[in-house]
Amino acid sequence: MDASTIGLVAFGLVIVLLALRVPIAFVLAGVATVGTFMIYAFRSGSFMPERAVNPTSSMVVNSFFELIHSYDLSMIPLFVALGNIAYYTGITTRIYDAANVWLRSVPGGVSVASLMGCAGFSAISGSSIACASTMGRICVPEMLRLGYNPKLATASVAAGGTLGSLIPPSVLFILYGIFTETSISKLFLAGILPGLLTLAGYILVVIWWTSRDASAAPVDPTPLPRGARLKAAISAWPALMLFAVIIGGIYGGFFTATEAAAISVVLTILIGFFERTLTLRSMWTAIRESLVQTSAIFLIAACAKIFVSFVALTGAAGMVSQWVADAGLSPLMLMAAICVLYLFLGMFLDPVGIIVLTLPFVIPMVDNLGMDLIWFGVIVVKLLEIGLITPPVGLNVFVIGNVTDRSIKVDTIFAGVSRFLAMDIVVLAILVLVPAISTMIPNGL
């Protein structure tokens, strides 16, 4: 059996198994191992399984070892720990607390504050699901208490949670950088302006929504104590400092992304103990949760590396790339096709699954056309971000549905999210047509 044929059949099998909700790590490693075994077993023309055992086991072990010993991979546990420790110190929600105090007297102000709070949370945690879960518990009940339309209250947090994918630090950027061998520091810098553009678009959606229906977001008439705004603004300093350390340190060349993560973890612990908001018990809880989350990510990444090695062995990626070259697609037409593919997959698969499944095939095509892989990384993460709120599987929508008032149906949240999805498509088009938005900062302005 031809190796390329085995590769394409394996890809289809992976899609089917993932659609059946088989855990992605088992799917990638299992299909890759069996596929590699088949290639070596049929190499001589006839089926000789005894010749396939050693090369197959060698490929699996070497791929696993290579991934786990990647220096860049050490960023993931550090940034995951940063988000968890910052959560237990109360740092992650201070941007929202400050914005809520300043904007609650404005129509839709609490919704805007929740979006800004999600952006602040994202700048520390790097996880969309964690952002949606935490901010959903805090922001949605507050908006419902004030009489906000449930669609607006839930949709704004579900959409805002997706900023965790784009605003650095981002686990998806780290995985993309590892599998494409591009600079993760530059990817972090590239995500800043697109993340802020997305945030601005979401805020415009809230303004447009409340201008058409003032009853959707009643103004809070409760007077604020004297000095409340100043106190709230000052209390946000730890979150702003951590973001400045991460981005400023990387952009200024003072340290790498990995070093920025380590320094930020130490600073967060010191701030927690200084403000007496972090105890040894809560720090241990944060570390334990970080270990569990990191282990899951590492397992998926290692199994994905095995799958990438298998795809390289089959030559299927080169064959697909040649098909695209023979079709004579322009860069814009190829990007349109890739966007449609990612938007479709985003309806059914989780972001990590999509990124590790598709990169072995799409990167050769993009690279052959001379596209900037940093810019393309931003587009990929933006597409994955959109998938988090796209029906029928939008993860952030279900997270909000689980952590808030159970009387609010998921269909209601999806109905509200549709407005933010429309804005996402507009932002995506801008990022595709104007690559400078993504490359301006990493290229040194």
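Checked against the 6.0 Å centroid threshold, Phe79 and Phe188 count as a close aromatic pair. Checked against the 6.0 Å centroid criterion, the rings of Phe361 and Phe11 qualify as a close aromatic pair.
Put simply, the side chain of Ser63 never gets that close to the backbone of Val60: no donor and acceptor are under 3.5 Å apart. Formation of a donor-acceptor pair under 3.5 Å by the Ser111 side chain with backbone atoms of Gly108 is not found in this model. In this structure a side-chain-to-backbone donor-acceptor pair under 3.5 Å is present from Thr314 to Val311. At least one donor-acceptor pair under 3.5 Å links the side chain of Thr210 to the backbone N or O of Val206. Remark: the backbone N or O of Pro150 is paired with a side-chain donor or acceptor of Thr154 at under 3.5 angstrom. A side-chain donor-acceptor contact under 3.5 Å links Thr162 to the backbone of Ala159. Checking side-chain atoms of Ser122 against main-chain N and O of Gly164 turns up a donor-acceptor pair under 3.5 Å. Although no hydrogens or angles enter the test, the distance criterion places a donor-acceptor pair under 3.5 Å between the side chain of Asn368 and the main chain of Pro364. In this structure, the side chain of Glu289 does not engage the main chain of Ala286 through any donor-acceptor pair within 3.5 Å.
Side chains of Thr198 and Lys382: a donor-acceptor N/O pair is present below 3.5 angstrom, by distance only. Side-chain contact, Arg137 with Ser133: a donor N or O sits under 3.5 Å from an acceptor N or O. Glu142 and Tyr96 are not linked by any side-chain donor-acceptor pair at a separation below 3.5 angstrom, with hydrogens and angles left out of the test. Residues Thr279 and Ser282 have side chains that bring a donor and an acceptor to within less than 3.5 angstrom of each other. Between the side chains of Ser128 and Ser165, at least one donor N or O sits under 3.5 Å from an acceptor N or O. Looking at Thr182 and Thr180, their side chains do bring a donor and an acceptor atom within 3.5 Å of each other.
Aromatic ring orientation, Tyr202 versus Phe420: perpendicular (interplanar angle above 60°, classes split at 30° and 60°).
A heavy-atom distance below 4.5 Å is not found between the side chains of Asp372 and Pro435. Under the 4.5 Å side-chain criterion, counting only non-hydrogen atoms from C-beta, Ile413 is in contact with Val417. The closest side-chain heavy-atom distance from Phe173 to Val378 is below 4.5 Å. Looking only at side-chain heavy atoms (C-beta outward), Ile184 and Ile178 come within less than 4.5 Å of each other. Looking at Arg94 and Pro238, their side chains come closer than 4.5 Å, going by heavy atoms from C-beta outward. Between Ile430 and Val426 the shortest side-chain heavy-atom distance falls below 4.5 Å. Counting only heavy atoms from C-beta outward, the side chains of Phe255 and Val245 approach each other to under 4.5 Å. A 4.5 Å side-chain heavy-atom check between Val22 and Leu18 finds every atom pair outside the cut-off.
Screening Val362, Leu428, Ile355 for a side chain to side chain contact (heavy atoms under 4.5 Å, CB included) with Tyr342, the sole residue that qualifies is Val362. Val352 pairs with exactly one of Leu175, Leu357, Val171, Leu384 by the side chain to side chain contact (heavy atoms under 4.5 Å, CB included) rule, that one being Leu175.
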Verify side chain to side chain contact (heavy atoms under 4.5 Å, CB included) between Phe376 and Val432, making sure each step is shown before the conclusion. CA-CA 9 Å; Phe376 183 70; Val432 170; over 6 Å; no
Might you work through the side chain to side chain contact (heavy atoms under 4.5 Å, CB included) test for Leu242 and Ile91, ending with a clear yes or no? CA-CA 10 Å; Leu242 290 174; Ile91 294 176; 4.2 Å; yes
Report the C-alpha distance between Val106 and Val219 in whole Å, list the side-chain angles of each, state the deciding distance to 0.1 Å, and finish with yes or no for side chain to side chain contact (heavy atoms under 4.5 Å, CB included). CA-CA 6 Å; Val106 178; Val219 175; over 6 Å; no
Side chain to side chain contact (heavy atoms under 4.5 Å, CB included) between Ile338 and Val380: does it pass, once the steps are laid out? CA-CA 9 Å; Ile338 290 175; Val380 167; 5.7 Å; no
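In this structure, Gln293 CD and Arg288 CZ are separated by 11.5 Å, a value rounded to the nearest 0.5 Å. For the atom pair CG of Asp350 and CG of Leu388, the computed distance is 9.0 Å after rounding to the nearest 0.5 Å. Here CH2 of Trp208 is found 10.0 Å from CG of Asp213. Values are rounded to the nearest 0.5 Å. Atom CD1 in Ile95 sits 13.5 Å away from atom OG in Ser114 (nearest 0.5 Å). Between the OG atom of Ser183 and the CG atom of Leu373 there is a distance of 12.0 Å, given to the nearest 0.5 Å. Leu193 CG to Ile441 CD1: the interatomic distance, rounded to the nearest 0.5 Å, is 3.5 Å.
Residues Ala304 and Val356 approach most closely at CB-CB, 3.4 Å, considering heavy atoms. In plain terms, the two heavy atoms of Thr277 and Thr89 that are nearest each other are OG1-O, 3.2 Å. The heavy-atom pair separating Pro391 from Leu421 by the smallest distance is CD-CD1, 4.2 Å. Residue Leu152 comes nearest to Ala216 through the heavy atom pair CD2-O, 3.8 Å, listed as atom of the first residue, atom of the second, then distance. Between Pro141 and Gly136 the shortest heavy-atom distance is CD-O, 3.3 Å. Residue Gly353 comes nearest to Ile24 through the heavy atom pair CA-CD1, 2.8 Å, listed as atom of the first residue, atom of the second, then distance.
Heavy-atom contacts from other residues, nucleotides or ligands closer than 6.0 Å to CE of Met365 number more than 12. Counting non-hydrogen atoms of other residues, nucleotides and ligands closer than 6.0 Å to CZ of Phe344 gives a total of 12 or fewer. Annotation: Tyr87, atom OH; neighbour count of heavy atoms from other residues, nucleotides and ligands within 6.0 Å does not exceed 12.
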